> 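Please find one structure pasted underneath; my questions will follow.
Quick note: numbers below take in every heavy atom, side chains included, and nothing from hydrogens, waters or symmetry partners. None of these values were measured; they are calculated from a predicted model. One-based numbering along the sequence shown.
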Amino acid sequence: MRAPFRSRWRPWLAAALLLLTPQAWSQAQAPADLPQLPPMRALPSLGDGGEMTLGEERRIGDQIARSIYRDPDYLDDPLLADYLQQIWRPLLDSAQARGELPPDADQRYAWRLLLLREPSVNAFALPGGYLGVHMGLLATVASADELASVLAHELSHVSQRHIARLLTQQSRQAPWMIASMLLGVLAASKAKNADIGNAAIVGGQALALQNQLNFSREMEREADRVGYGIMTGAGFDGAGFASMFDKLQQASRLNDDGAFPYLRSHPLSTERMADMRARRALNEVATRDRAGPSPALHALMSARARVLGETRIERLQALAQAGRTNAAPLRDPATLSLRYAATLAAAQLRDAGTAQEQLGRLLSALPDDAAARQAISLLALEAMQLTQSERMAGLERATLRQQALASPERAALLLGARSAAAPPDARALDSASQQLQTWLALHPDDIPAWQALATVAQQQGQPVRAARAMAEAQRAELDLAGALSRMKSAQTLARQQGQSDHAELSIIDARTREFERLLQEQFCEEREQRDAVCQKPR
């Protein structure tokens, strides 16, 4: 039986260049008198990626991400994922406008955000443009600006190729071997014992590599400065950097358990904190007209992360009961957050009565914000689905589902499709199928959308199409072997049933050949790195 994710992740993420390790941060306070710094300018990279190519870096990231996708603590929540994208896309655009990223960065990097059901205040970067965000971070940040500061810092580690440079400095091994070393420490901290952790890292070479995979102070300062320029260029308030440092410093006092001292990378120095505060003082940015999530929407998504990151029944029960003695229809973010969390927690517990009561209080204080209203409407639909209710707090499930399926937003489409499938509604299923296929034609790597299409097709009595959709979901999860096996199953099933849909069968045959080619290429690349013998297929 494998160890739970939260007991395995810590040494692996450190080896994979963890940014925010709360137990590592110093407890020094920034001085009151801030140094005078010159205005922020775009900074050049400290160097290229050394001997490691972008392709090699991407393959390492793919291998690690493949393991994350299979872990039960990986979470792809539509609402939280869409919220993160509202912050992430402006940061990417800003980085490209500043010249920090090449014009073809979207093709060369994965740019995938991975949500992990972890309570710690953390985020991390992986080779190849994968970024991880812990639920504890989303639940803790007080504003979109603070979250943007973390993502911008991580983006800067990727854009400046810190990961590739560190790997090149420390190892002449092939990328597949480096990835194996990183993945080899997954079980290192099950017992939270440093000796056991060291023993799990096979060979002194791997341990030496891990010990050296700490961002240098120079790289940390560069990521701070470049990240600051990226986030302010995207219209976020630079004060988010300084206030985020304060939160991380507080987290260090709560989470340091003394285990794995070699994980203590990325020190939060007084110098770094003072630097960001001084830059904020000297580079004021307007925040009134900037684009980005509103405070009301941030409060709702922070509450959502707090609930979805919770695994203890007693904590969910406490969240569900919160605020029941105060029925005042307050519209401030704190009250909205409290009632949103209470409604979702009650729905997770399948407590229809409490969910309806808390939802009613939430609806009585709807904010004057379209995005926040939409999030609350989707929460109502989700609560009805979880509690198997057709009506709640004066709202009809069928009406909310129809509105969700007609919405151009991804989160609304996915939640609408899930509602259409359980219990199945023929008309809603048809609509969901059409909308999902249209969406996937433009976003072929959307894993939850493929999974939703598979569920919808199964409910429609189309097992062949469902099997093909699940194969595509596995392909998007970077599991080519599983995707090929699933696609061949769809191929066999289609022929056994005498598939009359020749277009569907043609797609399955073509995708089977494509998966075979991709899998063979992957095998050849890995083997070439070992012995330079295998030839790529033509």
Side-chain angles (χ1 to χ4, degrees), residues 77-87 135 138-139 141-144 147 292-310 316 319-324 326-420:
D77 179 71
L79 282 164
L80 289 178
D82 284 8
Y83 176 69
L84 281 175
Q85 285 297 325
Q86 290 183 48
I87 299 174
M135 301 296 279
L138 286 172
V141 290
S143 67
L147 184 56
S294 66
L297 181 60
H298 176 80
L300 299 181
M301 292 303 98
S302 179
R304 186 173 185 85
R306 190 159 63 250
V307 174
L308 295 183
E310 190 56 70
L316 286 174
L319 288 169
Q321 298 298 324
R324 294 186 74 178
N326 179 12
L330 301 177
R331 289 181 170 82
D332 61 281
T335 303
L336 290 172
S337 176
L338 182 72
R339 291 177 177 162
Y340 185 101
T343 304
L344 181 57
Q348 292 280 326
L349 293 168
R350 307 304 192 264
D351 184 350
T354 302
Q356 175 165 257
E357 178 186 349
Q358 296 284 22
L359 177 62
R361 292 177 176 176
L362 182 59
L363 292 173
S364 69
L366 281 175
D368 296 325
D369 179 275
R373 284 173 174 264
Q374 171 75 338
I376 292 171
S377 176
L378 293 177
L379 171 66
L381 177 61
E382 184 179 20
M384 291 183 211
Q385 181 184 352
L386 289 172
T387 60
Q388 300 182 353
S389 304
E390 292 301 319
R391 182 181 177 86
M392 186 175 285
L395 300 176
E396 297 285 347
R397 182 178 179 188
T399 302
L400 293 178
R401 179 173 57 214
Q402 183 179 3
Q403 293 172 350
L405 292 174
S407 171
E409 296 180 6
R410 172 182 179 269
L413 172 59
L414 294 181
L415 290 176
R418 293 174 186 175
S419 178

> Okay, side chain of S337, backbone of L300: is any donor-acceptor separation there less than 3.5 Å?
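It does not hold such a pair.
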> Which heavy atom of A305 sits nearest to which heavy atom of A139, and what is that distance?
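Closest heavy-atom pair between A305 and A139: CB-N, 3.9 Å.
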> How long is the gap from CG on L319 to OG1 on T343, to the nearest 0.5 Å?
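Separation between the atoms: 11.5 Å.
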> I need the Q403 CD to L381 CG distance, nearest 0.5 Å.
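Here the interatomic distance stands at 9.5 Å.
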> With sequence neighbours excluded, tell me which residues meet side chain to side chain donor-acceptor pair (under 3.5 Å) with R418.
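R418 satisfies side chain to side chain donor-acceptor pair (under 3.5 Å) with no other residue.
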> Distance check, rounded to the nearest 0.5 Å: L349 atom CG versus T387 atom OG1?
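Here the rounded value is 11.5 Å.
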> Measure across R306 and A341 and return the closest heavy-atom pair with its distance rounded to 0.1 Å.
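Taking every non-hydrogen atom into account, NH2-CB, 3.9 Å.
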> Going by the rule salt bridge (charged side-chain N to carboxylate O under 4.0 Å, His left out), which residues pair with E396 if we only count those two or more places apart in sequence or in a different chain?
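Here the qualifying residues are R391.
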> Rounded at 0.5 Å granularity, tell me how far CG in L378 sits from OG in S407.
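Separation between the atoms: 7.5 Å.
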> Closest heavy-atom contact between L405 and A417?
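Smallest interatomic distance, heavy atoms only, reads CD2-N, 3.7 Å.
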> With a 4.5 Å limit on heavy-atom distance, are the side chains of I376 and R373 in contact?
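Not in contact.
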> With sequence neighbours left out, write down each residue that passes side chain to side chain donor-acceptor pair (under 3.5 Å) with T354, or none if nothing qualifies.
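Applying side chain to side chain donor-acceptor pair (under 3.5 Å) to T354 gives D351.
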> Listed by chain and number, what are the side-chain contact (heavy atoms from CB on, under 4.5 Å) partners of E357, not counting sequence neighbours?
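So E357 forms a side-chain contact (heavy atoms from CB on, under 4.5 Å) with R324, R361.
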> Between Q356 (side chain only) and A393 (backbone N and O only), is there a donor and an acceptor less than 3.5 Å apart?
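Side chain of Q356 to backbone of A393, a donor-acceptor pair under 3.5 Å: yes, one is there.
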> Give a yes or no on this: more than 12 heavy atoms of other residues, nucleotides or ligands lie within 6.0 Å of atom CD of Q86.
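Count over threshold, so yes.
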> Does some side-chain heavy atom of H298 sit less than 4.5 Å from a side-chain heavy atom of V141?
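Yes - at least one pair of side-chain heavy atoms lies under 4.5 Å apart.
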> Taking salt bridge (charged side-chain N to carboxylate O under 4.0 Å, His left out) as the test, write out the residues that go with R410, two or more places apart.
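Testing R410 for salt bridge (charged side-chain N to carboxylate O under 4.0 Å, His left out), a comparison that skips the adjacent residues, returns D76, D82, D446.
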> Quick one: salt bridge (charged side-chain N to carboxylate O under 4.0 Å, His left out) partners of D369, sequence neighbours excluded?
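Salt bridge (charged side-chain N to carboxylate O under 4.0 Å, His left out) list for D369, sorted by chain: empty.
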